[in-house]
Amino acid sequence: MLATAIIWCGCAEPSGFDDSDGQGRSPKDSEELYTTEDVWHIDVLLSTSSYAALAETPRTYVLGDIRIGDTIIEQVGVRLKGAFSFQGLGGKSSFKIKFNEFVPDQRFLGLEKLTLNNMRQDRSQLHESLAYQIFADASVPAPRSGFARVSLNGDIYGLYANVETMDDRFLKDRFEDGEGNLYEAPWGADLDVESVGLYEQDEGDDLSRQDLDALVAHIATPGDSVFFGDDTLLNTNEFLRFVASEAISGHWDGYWKSNNYFLYHEGPVVGAKQGTWNFMPWGLDQSFGEELHPFTSRGVLAEKCFAEPSCMAEYTRIGLDVVDAFESRALHLAVDSLAAGILEYVQSDPRSPHPPAKVDRYQEITKAHLATVGPAMRAHFSCMEGGEEQDRDEDGFGACFDDCNDASDAARPGGSEVCDGLDNDCDGQVDEVGCPCTEEQIGDGTYLFCNASVPWSVAKLECEARGAVLAVLVDTAIREEAFAVAKSIAPTSSWFIGATDRMEEGEWLDTAGAPIATTRFAPGEPDDFGGEHCAALASFADGDWEDVRCGNLLPYICQETN
């Protein structure tokens with residue numbers, strides 16, 4: 001049902017609602033709706049009673065209207081969504097819009113639903129658009145993702161990721177059959193007996209879950225027949241492309257840890273053939289945050305592949321194909337244009353927890369990651385030749401699983417860490433023990449700038465071993481001068497300092513456990529983003545503080561105490 005005026009909700013245009021803010025046009029098809037070249041204005045309109053009901057039960061659909069561009073669709077379902085990123089109506093809510101919740105068969109551009117994500121966990125505001133493209137380039141069925149500026153009853157909620165929802169139309173567009181069962185995996189759902197009941201079934205008429213039971217039993221069969229047998233239930237090529245794409249995108253919050261992915265069982269079932277299972281990505285807002293080793297996924301099916309030489313050989317071959325596709329796209333070159341396209345919305349977003357300077361900095365971090373991850377992944381996926389794991393540096397450790405640097409016999413498990421810029425003992429840290437630091441006199445104090453890659457606890461111990469403490473750097477002039485030195489040594493890095501709120505959130509203490517009377521956090525910080533309890537000089541904020549995860553590997557600044 002399409003209309004040109006608001007009828008159902010019975011509410012006049014809300015106070016502050018400015019119809020001239022519309023774009024004067026509507027997307028003509030779903031391809032245009034999900035392009036990254038437009039930021040579509042999406043206005044949600046709720047009656048007083050619907051607003052109150054949504055505030056009371058935010059995950060239950062309420063009746064409302066929605067305007068997309070200059071088209072109004074009446075009597076749609078509106079609810080909130082999100083787990084860690086969830087925000088109530090007083091914050092920057094994420095929305096799910098269901099066009100046919102109250103009007104049977106109603107759709108917009110053929111779509112059943114809209115998914116509007118608040119990007120609270122994406123400091124760059126670009127991750128979903130970029131990461132879904134990685135999967136699509138790898139020939140993995142993946143949603144499209146663009147941008148929207150969202151308002152509710154005239155109140156601007158800000159910039160959102162407009163992510164294509166997986167529904168029956170999505171399936172029919174991407175699969176030959178498109179009428180099978182679609183399952184969404186919540187946290188902890190993997191392909192084992194205990195998890196079958198956890199999956200949420202979003203599409204399909206067969207509600208028995210017998211197909212999931214059969215898949216789980218099939219995966220438990222010893223050997224590699226689950227991947228290559230005549231009766232395999234798995235689209236093995238697509239699954240291996242999916243796992244490789246998770247590694248390249250750094251999607252640690254997906255199947256890598258049994259969360260945020262979809263399973264589709266494509267039918268029809270014919271005789272003994274039980275159809276084919278496909279994996280699809282979801283929830284990519286935290287991509288690019290860390291480099292994933294491509295053989296460390298903890299998914300049941302991924303681990304089974306890593307344990308089978310035949311599957312490993314095929315995975316590494318396919319992984320190199322996926323790297324080729326990724327590098328051909330050159331996504332790092334798209335970052336600047338994407339950032340420019342959303343800049344005005346980033347700058348005017350009234351509910352974003354991330355100030356524009358932070359967004360800009362994390363866009364640069366994303367760009368740098370995209371430029372370097374290809375060669376790193378190519379090195380990983382080249383760990384096998386002729387079906388055999390290689391040991392090119394002849395240090396006794398195989399290139400796929402054990403050796404963190406198969407190009408140097410100075411880096412291997414159990415090695416001795418020395419100050420050479422390598423992770424000699426393969427513990428993830430670089431130059432963490434006793435390496436020289438740059439000494440600078442700032443004001444009346446002596447400061448040591450240690451360009452290692454260590455967690456906060458190691459930085460604390462290393463400073464103490466030098467007769468120093470992790471510097472706190474509250475004084476503005478000293479902090480700014482210290483940041484200038486740090487930036488000259490490592491221009492793109494934040495630096496650990498001696499402040500933590502690990503004992504109690506918001507109570508910042510120095511390394512001796514004494515309260516810090518005055519903190520110097522940048523705008524939007526601290527935000528406790530996924531458990532951040534240690535402070536650092538923020539690379540994006542000219543040396544003001546940010547809170548980071550204590551296990552991050554960063555350089556650090558000591559202050560001598562004698």
Side-chain angles (χ1 to χ4, degrees), residues 3-27 33 38-82 85-99 101-102 108 113-123 125 146-163 285 342-356 358-359 523-524 527:
T4 57
I6 300 297
I7 297 174
W8 166 77
C9 75
C11 52
E13 296 286 8
S15 174
F17 183 86
D18 181 6
D19 188 61
S20 66
D21 192 46
Q23 289 162 292
R25 61 187 180 90
S26 300
L33 177 65
D38 282 305
V39 178
W40 290 103
H41 297 182
I42 298 179
D43 304 306
V44 179
L45 297 174
L46 301 177
S47 66
T48 301
S49 59
S50 286
Y51 186 95
L54 190 60
E56 180 70 21
T57 56
R59 289 181 170 84
T60 300
Y61 282 109
V62 302
L63 194 58
D65 302 323
I66 185 171
R67 184 182 68 172
I68 303 173
D70 65 355
T71 298
I72 295 173
I73 307 96
E74 299 176 344
Q75 302 188 51
V76 304
V78 180
R79 70 170 177 86
L80 307 189
K81 65 177 293 289
S85 63
F86 179 83
Q87 296 271 283
L89 290 174
K92 189 175 181 181
S93 311
S94 292
F95 294 94
K96 184 79 78 173
I97 310 297
K98 189 173 182 180
F99 296 108
E101 176 69 13
F102 298 106
F108 177 68
K113 298 175 184 175
L114 289 182
T115 298
L116 301 170
N117 290 338
N118 60 16
M119 299 194 286
R120 179 173 179 258
Q121 295 177 270
D122 174 11
R123 292 162 166 174
Q125 313 288 273
F147 300 100
R149 189 232 55 178
V150 176
S151 65
L152 174 60
N153 285 351
D155 290 334
I156 304 298
Y157 273 49
L159 180 68
Y160 282 69
N162 177 24
V163 181
D285 52 336
I342 63 173
L343 178 60
E344 65 175 290
Y345 301 97
V346 168
Q347 293 177 334
S348 62
D349 191 325
R351 299 188 180 217
S352 174
H354 311 306
K358 184 195 291 189
V359 172
D527 57 7

Inset, instruction - Report the C-alpha distance between Leu45 and Arg67 in whole Å, list the side-chain angles of each, state the deciding distance to 0.1 Å, and finish with yes or no for side chain to side chain contact (heavy atoms under 4.5 Å, CB included). - result: CA-CA 8 Å; Leu45 297 174; Arg67 184 182 68 172; 5.7 Å; no

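- For Lys98, the salt bridge (Lys or Arg N to Asp or Glu O under 4.0 Å) partners two or more places apart in sequence, or in a different chain, are Glu101.
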Acceptor/donor pairs from residues 51-64 side chains to any protein atom, 3.5 angstrom cut, sequence neighbours excluded:
unit_1, atom_1, unit_2, atom_2, d
Thr57, OG1, Ala53, O, 3.1
Arg59, NH2, Gly82, O, 2.4

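- Of the residues Asn117, Asp122, Val163, the one that meets the side-chain contact (heavy atoms from CB on, under 4.5 Å) test with Asp285 is Asp122.
- Residues satisfying the side-chain hydrogen bond (donor to acceptor under 3.5 Å, both in side chains) test with Asn162, not counting sequence neighbours, are none.
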Inset, instruction - Give the C-alpha distance, both sets of side-chain angles, the deciding distance and a yes or no for side chain to side chain contact (heavy atoms under 4.5 Å, CB included) between Val76 and Phe102. - result: CA-CA 6 Å; Val76 304; Phe102 298 106; over 6 Å; no

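- Once rounded to the nearest 0.5 Å, the distance linking CG of Leu89 with CG of Leu80 reads 5.0 Å.
- Here the side chain of Thr71 pairs no donor or acceptor atom with the backbone of Ser26 at under 3.5 angstrom.
- With sequence neighbours excluded, the residues that form a side chain to side chain contact (heavy atoms under 4.5 Å, CB included) with Asp349 are Lys92, Leu159, Arg351, Ser352.
- Phe147 pairs by the ring-ring contact (aromatic ring centres under 6.0 Å, His included) definition with nothing, not counting sequence neighbours.
- With sequence neighbours excluded, the residues forming a side chain to side chain contact (heavy atoms under 4.5 Å, CB included) with Pro27 are Glu32, Leu33, Trp40, Ile68, Phe108, Leu109, listed by chain and number.
- The backbone N or O of Val359 lies less than 3.5 Å from no partner atom in the side chain of Gln125, so there is not a single donor-acceptor pair.
- Here the straight-line distance linking atom CG of Asp65 with atom CD1 of Ile97 works out to 10.5 Å at 0.5 Å rounding.
- In terms of heavy-atom proximity, Ala148 sits nearest to Ile42 at CB-CD1, 3.8 Å.
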Legend entry - Test side chain to side chain contact (heavy atoms under 4.5 Å, CB included) applied to Ile66 and Leu114, step by step: CA-CA 11 Å; Ile66 185 171; Leu114 289 182; 4.0 Å; yes

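- The aromatic rings of Tyr345 and His41 stand perpendicular to each other, their planes meeting at an angle above 60°, with 30° marking the opposite boundary.
- The OH atom of Tyr157 sits 5.5 Å away from atom CZ of Phe95, with the distance rounded to the nearest 0.5 Å.
- Looking at residues two or more places apart in sequence or on another chain, you find no side-chain hydrogen bond (donor to acceptor under 3.5 Å, both in side chains) involving Ser85.
- Scanning both residues, Ser348 and Glu344, for their nearest heavy atoms gives OG-O, 2.8 Å.
- Remark: Ser93 engages no residue in a side-chain hydrogen bond (donor to acceptor under 3.5 Å, both in side chains) (not counting sequence neighbours).
- Note that the CG atom of Asp527 and the CZ atom of Arg123 stand 5.0 Å from one another [nearest 0.5 Å].
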